[in-house]
Structure formats: structure tokens, C-alpha cells
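Data first, discussion second: the structure below is written as C-alpha cells.
All of these numbers come straight from a predicted model, not from anything done at the bench. Quick note on labels: first sequence line is chain A, next is B, and so on, each numbered from 1.
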Protein chains: 2
Amino acid sequence: MRSDCPLNFGLELFGDKWTLLIIRDLMFFNKRYYNEFLSSAEKISTNILADRLALLEKQGFICKGKDKEHKQKIVYSLTGKGIDLLPVIIEIGLWSDKYAGDLLSPHKEVILGRMKQDREKALATLKEKLKQKHL
Amino acid sequence: MRSDCPLNFGLELFGDKWTLLIIRDLMFFNKRYYNEFLSSAEKISTNILADRLALLEKQGFICKGKDKEHKQKIVYSLTGKGIDLLPVIIEIGLWSDKYAGDLLSPHKEVILGRMKQDREKALATLKEKLKQKHL
DNA sequence: GTTTTGTACTTGTTTTTTGCAAGTTGTTGG
DNA sequence: CCAACAACTTGCAAAAAACAAGTACAAAAC
């Protein structure tokens with residue numbers, strides 16, 4: 001580690017252009033399989049995806065599971081540590097909503113709109129849903 | 001841009017290991033000069049610092065000013081767009097506070113403690129102070 | 001039951017970014 | 001005048017990312 005600063009601690013773990021996008025896919029787009037992450041809009045390359053999934057699992061943000069029906073499939077899901085990144089992701093979203101102008105998807109309002117109305121409640125509701133889906 | 005997702009928008013601008021640390025130095029450590037950023041705990045290298053300062057200015061997160069007394073010195077300060085990254089930085093800090101265990105500086109509690117007590121008020125107070133110092 | 005497809009990767013190569021050391025240009029205090 | 005300072009720039013080696021292709025094994029199709 002480069003320092004004992006809390007911000008730096010987080011940045012060393014997920015301060016790059018890809019890691020939080022994988023978490024987002026798990027949180028908001030209900031993606032669970034390798035191929036689903038691969039086909040996201042940002043077009044992550046396969047070696048980077050494999051690398052980040054391994055790192056995320058190693059640090060305990062996500063965990064791997066077996067699929068009952070399809071033995072060859074591996075199911076990825078969030079841990080509590082991963083779910084707790086929700087406020088970080090939401091704040092980045094809110095900042096972008098303020099400064100990106102009309103460059104963003106119109107669908108953003110579904111989530112961000114509620115956050116602007118009542119942040120604490122909207123966060124709590126979303127976190128509960130994530131816990132039910134993932135833990 | 002890789003996509004029209006709000007999270008991705010933010011990550012393209014400050015999704016790396018260094019950019020937010022410079023913003024942090026401006027926000028919490030009252031750093032204003034090139035050499036001050038250079039001497040932070042994380043030891044950024046000089047070419048990366050120059051590159052990030054140029055990017056941050058280009059995107060309107062910070063602005064360059066002249067120092068009255070010392071003509072050779074350049075003063076960096078935050079814009080409103082930069083100040084609005086405060087919640088993002090705080091959320092990363094709160095997350096780290098929860099998961100880093102005892103790896104973090106004890107000084108963290110000065111800021112993070114108040115955030116846990118009354119987030120909205122603490123954020124508003126800090127933002128006001130930043131506006132007075134920078135704008 | 002054998003070929004084909006699907007899924008989760010790995011490997012190799014090129015390009016880009018980072019990290020490190022040193023050099024450059026104008027400033028200023030003595 | 002001159003050494004130290006401040007804000008960079010430049011050059012090069014190392015690491016990481018992007019791109020293209022290949023592999024191993026399960027399952028579906030024929």
C-alpha cells in the first residue's frame with residue numbers, strides 16, 4: 001500500500017476503469033455469467049475481465065458459485081463487501097448526472113431520480129434487494 | 001466515450017489511481033503548489049502529476065492561478081465541479097473505514113466520524129468551507 | 001456417438017500507460 | 001552573480017491494456 005489514507009485504500013482496490021463496471025453489472029443489470037459481463041456496452045476484453053474477476057474474488061467483493069442446471073456455467077454474485085460499494089457507485093452516478101449534460105442514457109432517472117428525492121431510503125431499499133438476490 | 005452510463009462517464013474522467021488523490025490534497029490537506037502534490041505520501045511521479053493536472057484543468061475540475069508574491073509559483077484551486085466530487089471521495093473513505101481494519105491513519109476520524117453522525121450536515125459544512133477557500 | 005456449439009477462460013503480440021532518473025527553463029534570495 | 005527553487009519535459013525500461021487467437025470441457029444437435 002502506498003499510504004494509510006482511506007481514499008487511497010479504496011483506490012488501490014477499485015481505482016481503475018473496469019472494476020466498478022463489473023460491480024455495476026451485478027448490481028443493476030442482474031448479470032451473473034462471464035459472457036454477460038463480456039457483452040456490456042463498454043466492451044471489456046476477455047483477459048482483463050478474467051483478471052478483474054479473479055482480483056474481485058480474491059479481495060472478497062464477489063464469490064463464484066456453481067450453476068445447478070448447467071454444470072459448465074459459473075455464477076458470480078456480490079458479497080456484503082461488494083454490496084457496500086453501492087453508495088460509492090451512486091455518488092459517481094449523481095455527479096455525472098449533474099455534469100454530463102445530455103450525454104447519458106435516459107434510463108438513468110429510474111435509479112438516480114429516487115436518490116435525489118430521498119437518498120437514505122432509496123439506498124436502504126436497494127441494498128435490501130441486493131442482499132436478497134446475492135447473499 | 002465507451003457508453004452512456006453515468007458510472008462510466010465518471011470513471012472515464014477520474015477512474016484511476018491518482019486523479020482523486022490530487023483532488024483530496026486540494027480538499028483536505030490545503031495543498032496548492034506542484035511541489036506540494038509531489039511530496040504526498042503516495043509519491044506520485046512528476047510526469048504523471050503534470051499529466052493529471054493538465055487533464056483536470058482541461059475538464060474543469062481545477063484551475064491555475066498566479067501567485068502574487070512569487071511569480072514562479074502557480075496556484076491550483078478547485079472549481080465547483082471539483083468540489084462536487086466531495087461526496088464521492090467521502091463514500092470511498094467510509095467504505096474503507098468499514099473494511100480496512102486498522103490499516104488506516106487514526107486521523108481519519110476527524111472527517112469520517114462526523115460523516116457517520118450526520119452525513120448531510122457534515123457534507124454541507126465541508127462544501128461551504130471549500131467554496132470559501134477555492135472559488 | 002460423433003460433430004458442433006457454448007462457456008470460461010489462456011496465450012501471444014502489439015500498443016499504451018506508468019515509473020524512474022535526469023535535464024530544462026525561468027525566478028528569486030543572498 | 002549565482003546557487004537554490006519551482007514547474008515542468010524528456011528518455012527509457014517496465015508494467016498494464018487492447019486485440020486476436022486458441023484451449024478445455026460440458027452439453028446440445030444430428
Atom [atom1] of [X] to atom [atom2] of [N]: distance rounded to whole Å?
{"X": "K43(A)", "N": "dA20(D)", "atom1": "NZ", "atom2": "P", "result": "13 Å"}
{"X": "I74(B)", "N": "dT25(C)", "atom1": "CD1", "atom2": "P", "result": "17 Å"}
{"X": "K73(A)", "N": "dA24(D)", "atom1": "NZ", "atom2": "C1'", "result": "18 Å"}
{"X": "N47(A)", "N": "dG22(D)", "atom1": "CG", "atom2": "C1'", "result": "13 Å"}
{"X": "R2(B)", "N": "dA17(D)", "atom1": "CZ", "atom2": "C1'", "result": "12 Å"}
{"X": "I22(A)", "N": "dA17(D)", "atom1": "CD1", "atom2": "P", "result": "11 Å"}
{"X": "E42(B)", "N": "dT18(C)", "atom1": "CD", "atom2": "P", "result": "16 Å"}
{"X": "W18(A)", "N": "dA16(D)", "atom1": "CH2", "atom2": "P", "result": "17 Å"}

Does [N] have OP1 or OP2 sitting under 4.0 Å from an N or O in the side chain of [X]?
{"X": "N35(B)", "N": "dA7(D)", "value": "yes"}
{"X": "Y34(B)", "N": "dT9(D)", "value": "no"}
{"X": "K64(B)", "N": "dC8(D)", "value": "yes"}
{"X": "R52(B)", "N": "dT18(C)", "value": "yes"}
{"X": "K17(B)", "N": "dG19(C)", "value": "no"}
{"X": "Y76(B)", "N": "dA6(D)", "value": "no"}

Q | 5' priority, DNA chain C, between T46(B) and E36(A) [closest heavy atom] | A |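 It is E36(A) whose nearest nucleotide is closer to the 5' end.
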Discussion item. Taking the nucleotide of DNA chain C with the nearest heavy atom to each, does H70(B) or L53(A) sit closer to the 5' end?
Written reply: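 That would be L53(A).
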Can you figure out which of [options] approaches the side chain of [X] most closely?
{"X": "S45(B)", "options": "dC20(C), dA27(D), dA7(D)", "result": "dC20(C)"}
{"X": "Q72(A)", "options": "dT7(C), dT27(C), dG19(C)", "result": "dT7(C)"}
{"X": "I48(A)", "options": "dC8(D), dA18(D), dG29(C)", "result": "dA18(D)"}
{"X": "A50(B)", "options": "dA8(C), dT9(D), dA28(D)", "result": "dT9(D)"}

What's the spacing between I22(A) CD1 and R24(A) CZ if we round to 0.5 Å?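 Answer rounded to 0.5 Å: 10.0 Å.
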- Do L94(B) and P87(A) touch side chain to side chain, with heavy atoms closer than 4.5 Å?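 Of all side-chain heavy-atom pairs linking P87(A) with L94(B), none is under 4.5 Å.
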Taking the side chain as every heavy atom from C-beta outward, state whether E36(B) and D25(B) have any pair of such atoms under 4.5 Å apart.
->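 The answer is no; the side chains never approach within 4.5 Å.
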Ignoring hydrogens and geometry, is there a side-chain-to-backbone donor-acceptor pair from Y34(B) to T46(B) under 3.5 Å?
->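 Yes, Y34(B) side chain to T46(B) backbone: donor-acceptor pair under 3.5 Å.
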Classify the angle between the aromatic ring planes of F61(A) and W95(B) as parallel (below 30°), tilted (30 to 60°) or perpendicular (above 60°).
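The arrangement is parallel - the two ring planes meet at less than 30°.
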